[in-house]
Amino acid sequence: MYDKLTEKIIGCAFQVHNRLGFGFLESVYKKSLLIELAKNGLTAMEELPITVFYENQPVGEFYADILVEDSVILELKSIQKISVPHEVQLVNYLVATKKDVGLPLNFRPSGVEVKRKYRKPKNPH
């Protein structure tokens, strides 16, 4: 269901990496990716505040790097490799927002590292 949208987003990320290369702050990649997403007809919001609730009471707030088409959360990194805690953080964002899919996008030296993450595990059948 989200494959075409995530493929388009990933293509935009690769375009940004091809133009900028590695070594910039995440904020530079974020601003550049926002430009590329808009150029490709995608609606994106940055630093979207999201409140976490426990027993109907707010217990925390975080900011998603980018939300695309009100459905895919992007978490941007500029590090050597995405680690398990980064992936878990994104899944927690998905759970808190009830969004189904997210992409950790890592602008690393050798290219863009990306993994599709889902709020609910995908059915292997």
Side-chain angles (χ1 to χ4, degrees):
M1 178 171 148
Y2 293 100
D3 287 347
K4 287 185 190 252
L5 178 57
T6 57
E7 285 174 15
K8 199 169 186 179
I9 294 167
I10 293 165
C12 290
F14 273 92
Q15 184 66 18
V16 168
H17 190 278
N18 288 342
R19 290 199 176 141
L20 293 179
F22 174 73
F24 289 101
L25 295 173
E26 291 168 16
S27 60
V28 171
Y29 292 111
K30 183 180 357 173
K31 294 290 186 188
S32 301
L33 185 55
L34 286 165
I35 292 168
E36 196 63 37
L37 291 167
K39 203 168 86 176
N40 282 272
L42 297 173
T43 303
M45 297 172 53
E46 66 176 312
E47 296 298 319
L48 180 71
I50 299 169
T51 303
V52 178
F53 291 89
Y54 179 79
E55 304 239 348
N56 296 321
Q57 296 183 44
V59 294
E61 186 170 271
F62 65 89
Y63 295 87
D65 284 341
I66 299 176
L67 177 64
V68 180
E69 295 292 316
D70 198 36
S71 60
V72 178
I73 294 178
L74 308 182
E75 182 63 25
L76 276 57
K77 301 291 179 197
S78 181
I79 55 179
Q80 288 295 320
K81 182 167 178 47
I82 293 174
S83 64
V84 171
H86 298 128
E87 294 178 41
V88 170
Q89 175 188 21
L90 180 55
V91 172
N92 286 338
Y93 290 178
L94 296 173
V95 170
T97 60
K98 297 182 176 38
K99 303 292 183 200
D100 289 325
V101 66
L103 298 173
L105 296 172
N106 183 22
F107 294 87
R108 62 185 182 172
S110 60
V112 178
E113 177 186 18
V114 61
K115 298 179 180 183
R116 285 181 177 91
K117 303 307 292 179
Y118 301 92
R119 179 167 50 106
K120 297 177 184 174
K122 288 191 81 171
N123 186 348
H125 302 293

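Residue indices begin at 1 and follow the sequence shown.
Here Leu33 contributes atom CG and Glu26 contributes atom CD; the two are 12.5 Å apart, rounded to the nearest 0.5 Å. With values rounded to the nearest 0.5 angstrom, Met45 atom CE is found 11.0 Å from Leu34 atom CG. We find the OG-CG distance between Ser32 and Leu37 to be 10.5 Å, quoted to the nearest 0.5 Å.
The salt bridge (Lys or Arg N to Asp or Glu O under 4.0 Å) analysis of residues 49-60, with sequence neighbours excluded, yields no pairs. Applying the salt bridge (Lys or Arg N to Asp or Glu O under 4.0 Å) test to every pair with at least one member in residues 71-87, sequence neighbours left out, gives these pairs: Glu75-Lys77, Lys81-Glu113, Glu87-Lys115, Glu87-Lys117. Annotation: ring-ring contact (aromatic ring centres under 6.0 Å, His included) contacts involving residues 21-40, sequence neighbours excluded, comprise Tyr29-Phe107.
At a threshold of 4.5 Å between non-hydrogen side-chain atoms, the residues Leu5 and Leu42 count as touching.
Residues Leu20 and Ile10 share a single hydrophobic cluster, defined by chaining ILVMFWY side chains whose heavy atoms lie under 4.5 Å apart. In the hydrophobic clustering of ILVMFWY residues, with side-chain heavy atoms under 4.5 Å counting as a link, Leu74 and Leu48 come out apart. Following chains of ILVMFWY side-chain contacts shorter than 4.5 Å, one cannot reach Val112 starting from Ile82, and the two form parts of different hydrophobic clusters. Ile73 and Val114 fall into different hydrophobic clusters, where Ile, Leu, Val, Met, Phe, Trp and Tyr side chains are chained together by heavy-atom contacts under 4.5 Å.
In this structure Val84 satisfies the side chain to side chain contact (heavy atoms under 4.5 Å, CB included) test together with Val88, sequence neighbours excluded. Under the rule for a salt bridge (Lys or Arg N to Asp or Glu O under 4.0 Å), Lys8 has no partner lying at least two apart in sequence or in another chain. When the side chain to side chain contact (heavy atoms under 4.5 Å, CB included) test is applied to Lys31, the partners found at least two apart in sequence or on another chain are Glu46. Contacts of Asn40 classified as side-chain hydrogen bond (donor to acceptor under 3.5 Å, both in side chains), with partners at least two apart in sequence or in another chain: Glu36. Every side-chain hydrogen bond (donor to acceptor under 3.5 Å, both in side chains) that Thr6 has, sequence neighbours left out, goes to Arg116. Under the rule for a side chain to side chain contact (heavy atoms under 4.5 Å, CB included), the partners of Tyr54 that lie at least two apart in sequence or sit in another chain are Val59.
The number of heavy atoms from other shown groups lying within 6.0 Å of CD (Glu7) is above 12.
Test Ile9, Leu103, Asp100 against Tyr2 for side chain to side chain contact (heavy atoms under 4.5 Å, CB included) and you get one pass: Asp100.
Cluster partners of Ile35 are absent, since no Ile, Leu, Val, Met, Phe, Trp or Tyr has side-chain heavy atoms less than 4.5 Å from it.
Of all heavy-atom pairs between Pro109 and Gln80, the closest is CG-NE2, 3.8 Å.
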Contacts under 3.5 angstrom, residues 12-19 side chains, donor-acceptor by atom type, not counting sequence neighbours:
from	atom 1	to	atom 2	distance (Å)
His17	NE2	Arg108	O	2.8
Asn18	ND2	Phe14	O	3.3

Donor-acceptor pairs are to be reported for all side-chain atoms of residues 63-72 against protein atoms at under 3.5 Å, with residues two or more places apart or in another chain.
from	atom 1	to	atom 2	distance (Å)
Tyr63	OH	Glu61	OE2	2.9
Asp65	OD2	Leu76	N	2.7
Glu69	OE2	Thr43	N	2.6
Asp70	OD1	Lys99	NZ	3.4
Ser71	OG	Glu69	O	3.3

CA sep, side-chain torsions, deciding dist, call: Phe62, Val52, side-chain contact (heavy atoms from CB on, under 4.5 Å): CA-CA 8 Å; Phe62 65 89; Val52 178; 3.7 Å; yes
